[in-house]
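Reviewing the structure listed below.
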Amino acid sequence: MKPVTVLDIGSSKIVCLSGGFARRAGLKIEGVSVCTYNGYQDGVFLDEQSLHDAVIAAVRGHEKETQRRVRDIALTVPHAFSKLVVSEGTLLIEGHRRVTDADVDEVINRSLGGIDAEDYVLMHSTPVCFIADGETVSGMPTGVRAGELTARVSHMYASKAYIKTFEEILRGIGVEIRLSLSSGLSNALTVIPEVDRIRPS
């Protein structure tokens with residue numbers, strides 16, 4: 001599997017590293033480059049030049065260590081530059097049949113309606129729970145018979161200004177942002193065991 005390069009934006013450090021799954025070895029991390037900068041406060045970077053210099057230095061340091069050119073990265077988005085919205089969508093299923101994967105996708109899409117996120121762009125959507133004919137479904141509802149399916153979904157948005165800032169910095173060295181992901185969600189997936197993550201609380 002081709003390694004994915006990540007640019008992690010912390011409150012005082014920028015980290016650039018690559019990771020991927022190696023056969024039998026599990027997750028393999030390589031080329032870690034760390035650069036300090038002046039940080040951010042209340043969703044604003046304190047020193048744009050310090051940020052610019054740290055990003056360039058972190059990417060170049062990673063390239064030097066791995067001897068590999070970085071062409072695209074996954075950018076993390078801290079809480080200060082993100083917005084979490086939980087909303088619901090409902091789908092009427094004709095014929096009271098079994099729920100399909102397409103139905104699940106559709107009801108998640110319907111939960112996006114009406115969200116005021118003019119200054120934000122959607123990063124990812126995570127279902128909190130599904131309700132089929134008034135009954136909460138444990139896990140994914142695919143295969144459950146229902147005439148009505150409701151999804152309560154957690155939508156994580158990133159500030160468009162934040163993304164634009166990094167696009168402009170990285171464009172200067174020929175690097176493209178492949179995707180953006182929430183730092184909080186990434187931390188939870190890494191630190192909290194799955195058995196604890198799926199509990200209703």
Side-chain angles (χ1 to χ4, degrees), residues 1-23 25-86 117 119-127 153-194 196-198:
M1 175 184 171
K2 179 184 175 183
V4 175
T5 302
V6 177
L7 191 66
D8 184 44
I9 312 304
S11 58
S12 62
K13 295 187 289 290
I14 307 288
V15 180
C16 187
L17 58 84
S18 289
F21 288 99
R23 289 181 181 175
L27 184 64
K28 182 182 179 183
I29 302 296
E30 57 183 32
V32 180
S33 177
V34 182
C35 295
T36 59
Y37 78 116
N38 290 346
Y40 56 83
Q41 186 173 356
D42 299 325
V44 176
F45 289 107
L46 300 176
D47 185 340
E48 293 280 349
Q49 190 60 52
S50 170
L51 172 68
H52 180 278
D53 294 345
V55 169
I56 302 298
V59 174
R60 292 305 190 209
H62 174 272
E63 290 178 330
K64 184 176 180 180
E65 188 171 333
T66 60
Q67 295 295 301
R68 188 172 60 245
R69 174 88 165 81
V70 174
R71 301 197 180 279
D72 53 53
I73 56 103
L75 176 69
T76 66
V77 182
H79 291 295
F81 301 94
S82 62
K83 179 179 182 180
L84 177 66
V85 178
V86 179
D119 298 325
Y120 292 82
V121 60
L122 181 67
M123 283 190 287
H124 37 74
S125 299
T126 307
V153 185
S154 168
H155 303 286
M156 185 66 79
Y157 291 84
S159 162
K160 289 180 180 178
Y162 175 89
I163 301 297
K164 183 179 179 182
T165 294
F166 287 93
E167 283 178 339
E168 291 175 350
I169 295 172
L170 293 166
R171 188 181 299 125
I173 56 173
V175 177
E176 182 183 350
I177 297 174
R178 182 196 296 186
L179 61 90
S180 303
L181 61 155
S182 162
S183 299
L185 179 62
S186 301
N187 292 340
L189 292 173
T190 303
V191 176
I192 305 172
E194 184 176 5
D196 293 323
R197 291 201 308 268
I198 63 175

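Summarising the geometry, atom CG belonging to L122 is positioned 4.5 Å from atom OG belonging to S125; distances are rounded to the nearest 0.5 Å. Distance NE2/H62 to SG/C16: 5.0 Å, rounded to 0.5 Å. Interatomic distance, CG of L17 versus OG1 of T5, reported as 8.0 Å (0.5 Å rounding). The OG atom of S182 sits 6.0 Å away from the NE2 atom of H79 when rounded to the nearest 0.5 Å.
With ring centers used as reference points, F81 lies under 6.0 Å from F45.
Here the side chains of V6 and I73 are not in contact, with every heavy-atom distance at 4.5 Å or above. Side-chain contact between L75 and I163 is present, with heavy atoms from C-beta onward closer than 4.5 Å. V77 places none of its side-chain heavy atoms less than 4.5 Å from the side chain of M156. Proximity of L51 to F166: side-chain heavy atoms (C-beta onward) are separated by under 4.5 Å at one or more points. Here the side chains of I173 and V59 are in contact, with some heavy-atom distance below 4.5 Å. You'll find the side chain of R68 reaches within 4.5 Å of the side chain of E30, heavy atoms only. Between L179 and D72 the shortest side-chain heavy-atom distance does not fall below 4.5 Å.
Contact check on E63 versus R71 returns no salt bridge, with no Lys/Arg side-chain nitrogen under 4.0 Å from an Asp/Glu carboxylate oxygen.
Atom CD of E176 sits in a sparse spot, with 12 or fewer heavy atoms from other residues, nucleotides or ligands closer than 6.0 Å.
Contact between A54 and C35 at its shortest, heavy atoms only, is O-CB, 3.8 Å. Between S82 and M123, the shortest heavy-atom distance links the atoms CB-CE, 4.3 Å. Contact between S180 and I177 at its shortest, heavy atoms only, is OG-CG2, 4.1 Å. Considering all non-hydrogen atoms of both residues, Y37 and Y40 come closest at OH-CD2, 3.4 Å. Residues L46 and Q41 approach most closely at CD2-CB, 3.9 Å, considering heavy atoms. Looking at every heavy atom in both residues, V4 comes nearest to R178 through CG2-NH1, 4.0 Å.
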Q) Would L170 and V55 count as a side chain to side chain contact (heavy atoms under 4.5 Å, CB included) if you check the C-alpha gap in whole Å, the side-chain angles of each, and the deciding distance to 0.1 Å? A) CA-CA 8 Å; L170 293 166; V55 169; 3.8 Å; yes
Q: Output, in order, the C-alpha distance, side-chain angles, deciding distance and verdict of side-chain hydrogen bond (donor to acceptor under 3.5 Å, both in side chains) for S154 and T126.
A: CA-CA 5 Å; S154 168; T126 307; 5.3 Å; no
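Of the possible polar contacts, none joining the H124 side chain to the Y157 backbone as a donor-acceptor pair under 3.5 Å is found. Using modelled atom types, no side-chain atom of T36 and backbone atom of K13 make a donor-acceptor pair closer than 3.5 Å. Judged by distance alone, with hydrogens and angles left aside, the side-chain atoms of T76 form a donor-acceptor pair with the main-chain N or O of I9 at under 3.5 Å.
Screening V175, V15, I14 for a side chain to side chain contact (heavy atoms under 4.5 Å, CB included) with L7, the sole residue that qualifies is I14.
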